[in-house]
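Scroll down for the structure; my scribbles are underneath it.
Worth saying up front: this structure is predicted, and the values here are computed from it rather than measured. Excluded from the calculations below are hydrogen atoms, water molecules and symmetry mates; all remaining heavy atoms, backbone and side chain alike, are included.
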Amino acid sequence: MRIASFNINGIKARLPRLLEWLEETRPAVACLQEIKTQDEGFPAEEFAKIGYQAIWHGQKGFNGVAILADGVAPVEMQRGLPGDELDEQARYLEADVSGVRICNLYLPNGNPQPGPKFDYKLAWMDRLRRRCALHLAAEIPTVVLGDFNVIPEDRDVWSVSAMASDALMQPASRDAYARLLADGWTDAIATLNPRGGVWTFWDYQAGAWQRDHGFRIDHLLLSPDCADRMVAAGVDKAHRGREKASDHAPVWVELRI
DNA sequence: ATGTCTCCGAAACGGAGA
């Protein structure tokens with residue numbers, strides 16, 4: 001069972017590339033971030049035509065997440081991250097698919113830091129940790145995945161100095177990510193690539209893709225039972241190099257059923 | 001290299017966000 005995550009940077013602009021990726025790689029579950037559309041604009045029929053059922057949580061212009069499943073309907077368990085009634089940003093969607101709890105997230109970027117956006121990011125990470133801890137306590141087979149906007153370690157970025165002041169690799173961001181992992185989650189790609197050097201994002205600017213100036217911010221976290229069932233994990237890097245590509249590449253993990 | 005891409009509103013571009 002392959003479970004994937006893809007920050008598509010606009011579902012309207014990306015639809016042909018997204019459908020192409022789904023048909024070529026055929027993940028059982030595909031979690032999308034930055035759909036950047038209201039609920040009414042979500043192209044559910046286009047996915048139905050190729051056999052995927054979907055749930056989505058949209059927002060005008062920004063953010064927005066969706067969960068697609070091959071041949072089955074995702075059973076929605078949570079819409080929006082709990083813990084702040086005033087937070088209206090569409091960044092979290094949770095569903096059960098074939099006995100696995102899928103927690104799809106688009107974590108706040110947090111730039112510029114310091115500032116209110118960075119404070120929001122750290123508060124959001126605290127709320128995420130609390131939500132995820134419920135699943136661990138209940139021993140629900142769970143995958144927490146998406147665009148975390150956190151570069152976990154120096155080995156996860158092409159240049160530490162170039163990114164030193166960025167919210168994505170501040171000590172506070174990294175500490176919050178490390179605390180989450182320490183609760184019992186396994187970072188799939190990090191576990192299989194302990195020496196680092198794996199990127200999931202390349203900026204559109206300054207020839208970052210051509211120079212391989214990237215970093216790893218899209219993550220797949222596995223509960224203990226899912227970690228035991230991990231067969232492989234990786235990045236669909238070639239899709240970043242296509243025409244009209246997203247600035248992120250898809251990431252995926254394969255679990256033994 | 002203030003470099004690029006996507007969205008929106010009202011517009012044939014500029015601002016915001018990343």
Side-chain angles (χ1 to χ4, degrees), chain A residues 5-21 31-43 46 56-66 80-81 87-93 104-125 128 145-152 156-170 172-174 176-177 199-219 235-251:
Chain A
S5 170
F6 192 2
N7 180 321
I8 55 173
N9 188 20
I11 201 163
K12 297 186 186 97
R14 208 70 56 217
L15 192 58
R17 284 285 98 100
L18 175 57
L19 293 170
E20 180 180 272
W21 169 72
C31 292
L32 310 178
Q33 303 88 36
E34 285 206 87
I35 63 175
K36 293 187 173 179
T37 182
Q38 300 176 89
D39 285 340
E40 304 81 66
F42 188 82
E46 299 296 322
W56 56 96
H57 180 27
Q59 179 182 341
K60 193 185 225 173
F62 305 104
N63 308 320
V65 286
L81 186 63
D87 184 4
E88 294 184 341
Q89 298 189 30
R91 295 178 173 276
Y92 187 83
L93 188 60
N104 178 24
L105 64 94
Y106 174 48
L107 209 146
N109 175 293
N111 282 303
Q113 71 81 29
K117 290 186 175 181
F118 192 60
D119 295 341
Y120 173 65
K121 176 185 191 131
L122 297 180
W124 205 96
M125 293 184 80
L128 176 65
L145 70 168
D147 178 359
F148 282 70
N149 269 315
V150 175
I151 298 169
D156 298 313
V157 59
W158 67 278
S159 166
V160 170
S161 58
M163 294 293 292
S165 63
D166 198 286
L168 277 53
M169 56 176 279
Q170 290 312 295
S173 309
R174 288 181 163 182
Y177 187 77
W199 320 143
T200 68
F201 172 92
W202 296 258
D203 202 285
Y204 286 126
Q205 299 188 65
W209 167 250
Q210 289 75 11
R211 299 173 186 196
D212 201 28
H213 289 178
F215 39 83
R216 189 174 72 93
I217 53 176
D218 300 273
H219 306 309
V235 181
D236 291 331
K237 184 174 177 179
H239 288 260
R240 175 62 181 82
R242 297 192 179 183
E243 288 296 312
K244 291 276 288 177
S246 171
D247 42 5
H248 294 250
V251 297

Can you tell if the side chain of [X] reaches within under 4.5 Å of the side chain of [Y], non-hydrogen atoms only?
{"X": "His213(A)", "Y": "Asp203(A)", "answer": "no"}
{"X": "Trp158(A)", "Y": "Trp202(A)", "answer": "no"}
{"X": "Lys121(A)", "Y": "Val150(A)", "answer": "yes"}

How close or far is atom [atom2] of [N] from atom [atom1] of [X], stated in whole angstroms?
{"X": "Asn63(A)", "N": "dA16(B)", "atom1": "CG", "atom2": "P", "value": "17 Å"}
{"X": "Asp247(A)", "N": "dG3(B)", "atom1": "CG", "atom2": "P", "value": "17 Å"}
{"X": "Arg14(A)", "N": "dC7(B)", "atom1": "CZ", "atom2": "P", "value": "8 Å"}
{"X": "Glu34(A)", "N": "dG17(B)", "atom1": "CD", "atom2": "C1'", "value": "8 Å"}
{"X": "Ile35(A)", "N": "dC7(B)", "atom1": "CD1", "atom2": "P", "value": "11 Å"}
{"X": "Asn7(A)", "N": "dG17(B)", "atom1": "CG", "atom2": "P", "value": "17 Å"}
{"X": "His213(A)", "N": "dG3(B)", "atom1": "NE2", "atom2": "C1'", "value": "13 Å"}
{"X": "Gln59(A)", "N": "dC8(B)", "atom1": "CD", "atom2": "P", "value": "11 Å"}

Rounded to whole angstrom, note down the [atom1] distance from [N] over to [M].
{"N": "dG3(B)", "M": "dA18(B)", "atom1": "C1'", "answer": "14 Å"}
{"N": "dC8(B)", "M": "dA12(B)", "atom1": "C1'", "answer": "14 Å"}
{"N": "dT2(B)", "M": "dA16(B)", "atom1": "C1'", "answer": "15 Å"}
{"N": "dT6(B)", "M": "dA10(B)", "atom1": "P", "answer": "23 Å"}

Checklist entry - Between atom OH of Tyr106(A) and atom CG of Asn7(A), what is the distance when rounded to the nearest 0.5 Å? => result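 Here the rounded value is 6.0 Å.
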Item to check | Residue mapping more 5' on DNA chain B - nearest nucleotide basis, Asn149(A) or Gln205(A) | outcome: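 So the residue in question is Gln205(A).
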Next on the checklist: For Tyr204(A) and Ala13(A), find the nucleotide of DNA chain B closest to each by heavy atoms; which residue's nucleotide sits nearer the 5' end?
Outcome noted: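 Closest to the 5' end, via its nearest nucleotide, is Tyr204(A).
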Would you say [N] has OP1 or OP2 under 4.0 Å from some side-chain N or O of [X]?
{"X": "Lys244(A)", "N": "dC5(B)", "result": "no"}
{"X": "Lys60(A)", "N": "dG9(B)", "result": "yes"}
{"X": "Lys117(A)", "N": "dG17(B)", "result": "yes"}

Next on the checklist: Under 4.0 Å, counting only non-hydrogen atoms across every strand here, what does Phe201(A) touch: a base, just sugar-phosphate, or nothing?
Outcome noted: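 It contacts nothing in the nucleic acid.
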Next on the checklist: What contact category does Ala206(A) fall into here, base, sugar-phosphate, or nothing, at under 4.0 angstrom with non-hydrogen atoms?
Outcome noted: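 Base contact.
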Item to check | Salt-bridge criterion met for Arg242(A) and Asp236(A) (N-O under 4.0 Å) | outcome: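 Salt bridge: no.
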